[in-house]
Amino acid sequence: MSSSETFVTGGFQVDSPDVVYDDDFITARYTYERSQVSTAGGRCVVTPVREGFTFKTARKVPKVGLMLVGIGGNNGTTLTASVMANKKGLTWSTKEGTHKSNFIGSLTQASTVRIGANDNGESVNVPFKDMLPMVAPTDIVIGGWDISSMPLGDAMKRAKVLDYDLQRQLYDEMQQIKPLPSVHFGDFIALNQGERANNVLAGSKQQQMDKVREDIREFKAKNGLDKVIVVWTANTERFADVQGGLNDSANNLLAAIKRGDDEVSPSTVFAVASILEGSSYINGSPQNTFVPGVIELAETHNVFIGGDDFKSGQTKIKSVLVDFLISAGIKVRSIVSYNHLGNNDGKNLSEPIQFRSKEISKSNVVDDMVESNRILYEEGEHPDHVVVIKYVPHVADSKRAMDEYSSEIFMGGTNTIVIHNTCEDSLLASPIILDLCILMELCERITVKRDGETEFSRFHPVLSLLSYLLKAPLVPSGTPIVNALFAQRQCLINMFRACVGLNPESMMQLEHKLRRPT
């Protein structure tokens, strides 16, 4: 390999006395540097703090299963078919020409990371997936549950997401996949979903949860898997009431499931079942699946949970644009976001109580950016923020998103930015589901200890590292929520850099800002 290359594939190795590679682990000594700020008596003092850690990452990539709740929906069928197409290396024809299978839109598979500079001072980038050993998407075994019994071939046709020529090539194999019966409590999703619900579990809530646990075990055994990750990609539910004695603790929640309490949602049943089986669980919808009892249960069993709500289009743009405007000293005064879509997600969201769950997740994404600037915003002041979602069957999965950002600029001026975004909703969401599975699995193989500690431990069970991929990031109690998109991505990259003993990427490039020695 030339020392002047700017893109490197096939992995890299760090040459440092602080990093040890053996057959089983990458072990890296790392000095974490941060700035501790204290304010007292009108004086602000910043103190640099250095703390030593050791990261240990298991190198062997296990055989991974991904179980989707809602596998028969647009996201589930699109993801399953697309992984199948990539594994077969399929091509297909449209009026625009020939297309080939790919993972465009995936953070892990289609983006790159700067790892340093070459001898010419040029940036050297590597595929994100080469940062650490990660499972390949085509090696993931996919299965799951759905309230509709429709085989996945027919469900793929119903979704109308993938091009016909590709569907034609995948139909027979997809048709062999039958969804497992799912948990269905009708009052948590829109009444208009009742016509699909012909594949539901019977019995008490406890019995249904036990069956989900059994399904996970059987899927794992049948496919010879080392681990299973469960992802909710089913309908948005209404919010569940959080009540003392019901779901405020792990024991109360387990008791509520046992007695069949009405306020225990299907997504919470799946979360509890997954945790009890030791399977990490990701909530891809906006409802409050992770009531306090679920979080406590995950902490008790040291099982990862991540949420909430896949971040695919409008919200991702919003978190970038508002971050840019406020960072530039421009005061955003109002944000109006309008969406219309015609897939089943849109149909479910046409009911006000389910829409409210989505409205909450889409409306909180600018809070930390606004709070960061007390020059522009007084304490408690926020931009006006309105979110509208309408169901228009004709547009199917091709969601329209229209945003207007009105801002105050220099000397009382006004700046208005209007964006119109048309996107295939499930083609944006499906790579995100893959990324969540891949990153969740990787984090299960990373352990860390502080200097002076004798035992390695995992990250906190509430895995906030996944925030880049989720609209309403779930974080451990008492820790800050970060919504700024580039900060979320850089957090992931810097954490994985630490795992191989590399400092955070500062972008200072001081060597290029000084006169060269003569």
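Keep in mind it's a predicted model, so treat the numbers as computed, not measured. Keep in mind that the numbers below use all heavy atoms, side chains included, and drop hydrogens, waters and symmetry copies.
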K.L.:
Do Glu444 and Ser280 pair up side chain to side chain, a donor and an acceptor below 3.5 Å, judged on atom types alone?
P.N.:
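Yes.
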K.L.:
Is the closest side-chain heavy-atom distance between Asp154 and Tyr171 below 4.5 Å?
P.N.:
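They are in contact (side-chain heavy atoms under 4.5 Å apart), so the answer is yes.
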K.L.:
Cut-off 3.5 Å, side chains only: do Glu263 and Asn247 have a donor facing an acceptor?
P.N.:
no
K.L.:
Do Met134 and Glu441 come within less than 4.5 Å of each other through their side chains, counting heavy atoms only?
P.N.:
no
K.L.:
Do Asp210 and Gln206 have a side chain donor and acceptor closer than 3.5 Å?
P.N.:
yes
K.L.:
Taking atom types as modelled, find out whether Asn75 and Ser426 have a side-chain donor-acceptor pair closer than 3.5 angstrom.
P.N.:
yes
K.L.:
Do Ser467 and Ser464 have side-chain N/O donor and acceptor atoms under 3.5 Å apart?
P.N.:
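No, because no side-chain N or O of Ser467 sits under 3.5 Å from a partner of the opposite role on Ser464.
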K.L.:
Are Gln287 and Thr289 linked by a side-chain donor-acceptor pair shorter than 3.5 Å?
P.N.:
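Result is yes, a qualifying pair exists.
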K.L.:
Has Lys316 got its NZ or CZ under 6.0 Å from the middle of the six-membered ring of Phe310, at an angle within 45 degrees of the ring axis?
P.N.:
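Geometry flag: not set, cation outside 6.0 Å or 45°.
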K.L.:
Where do Met440 and Gly306 come nearest, in terms of heavy atoms and distance?
P.N.:
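It is CE-N, 4.1 Å.
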K.L.:
Looking only at side-chain N and O atoms, does Asp435 offer a donor or acceptor that is under 3.5 Å from a partner on Tyr468?
P.N.:
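Per modelled atom types, Tyr468 and Asp435 side chains form no pair under 3.5 Å.
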K.L.:
Contact between Ile419 and Tyr405 at the side-chain level, heavy atoms closer than 4.5 Å - yes or no?
P.N.:
yes
K.L.:
If we ignore angles and hydrogens, is there a donor and acceptor under 3.5 Å between the side chains of Arg445 and Thr57?
P.N.:
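There is no such pair between these side chains.
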K.L.:
Is there a donor-acceptor pair closer than 3.5 Å between any side-chain N or O of Asp403 and the backbone N or O of Lys318?
P.N.:
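It does not hold such a pair.
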K.L.:
Could you name each residue pair satisfying ring-ring contact (aromatic ring centres under 6.0 Å, His included) that touches residues 80-104, not counting sequence neighbours?
P.N.:
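Sorted pair list: Trp92-His99.
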K.L.:
Please evaluate residues Val8 and Asp130 with respect to the criterion side chain to side chain contact (heavy atoms under 4.5 Å, CB included), reporting the C-alpha separation (whole Å), side-chain torsions for both, the decisive distance (0.1 Å), and the verdict.
P.N.:
CA-CA 9 Å; Val8 179; Asp130 286 350; over 6 Å; no
K.L.:
Which pairs count as ring-ring contact (aromatic ring centres under 6.0 Å, His included) when at least one residue sits in residues 135-160, sequence neighbours excluded?
P.N.:
Trp145-Phe270
K.L.:
Test of understanding: with ring pair (Phe, Tyr, Trp, His ring centres under 6.0 Å), list the residues that count as partners of His340, not counting sequence neighbours.
P.N.:
Tyr338
K.L.:
Assess, by modelled atom type and distance only, whether the side chains of Ser149 and Asn198 contain a donor and an acceptor separated by less than 3.5 Å.
P.N.:
yes
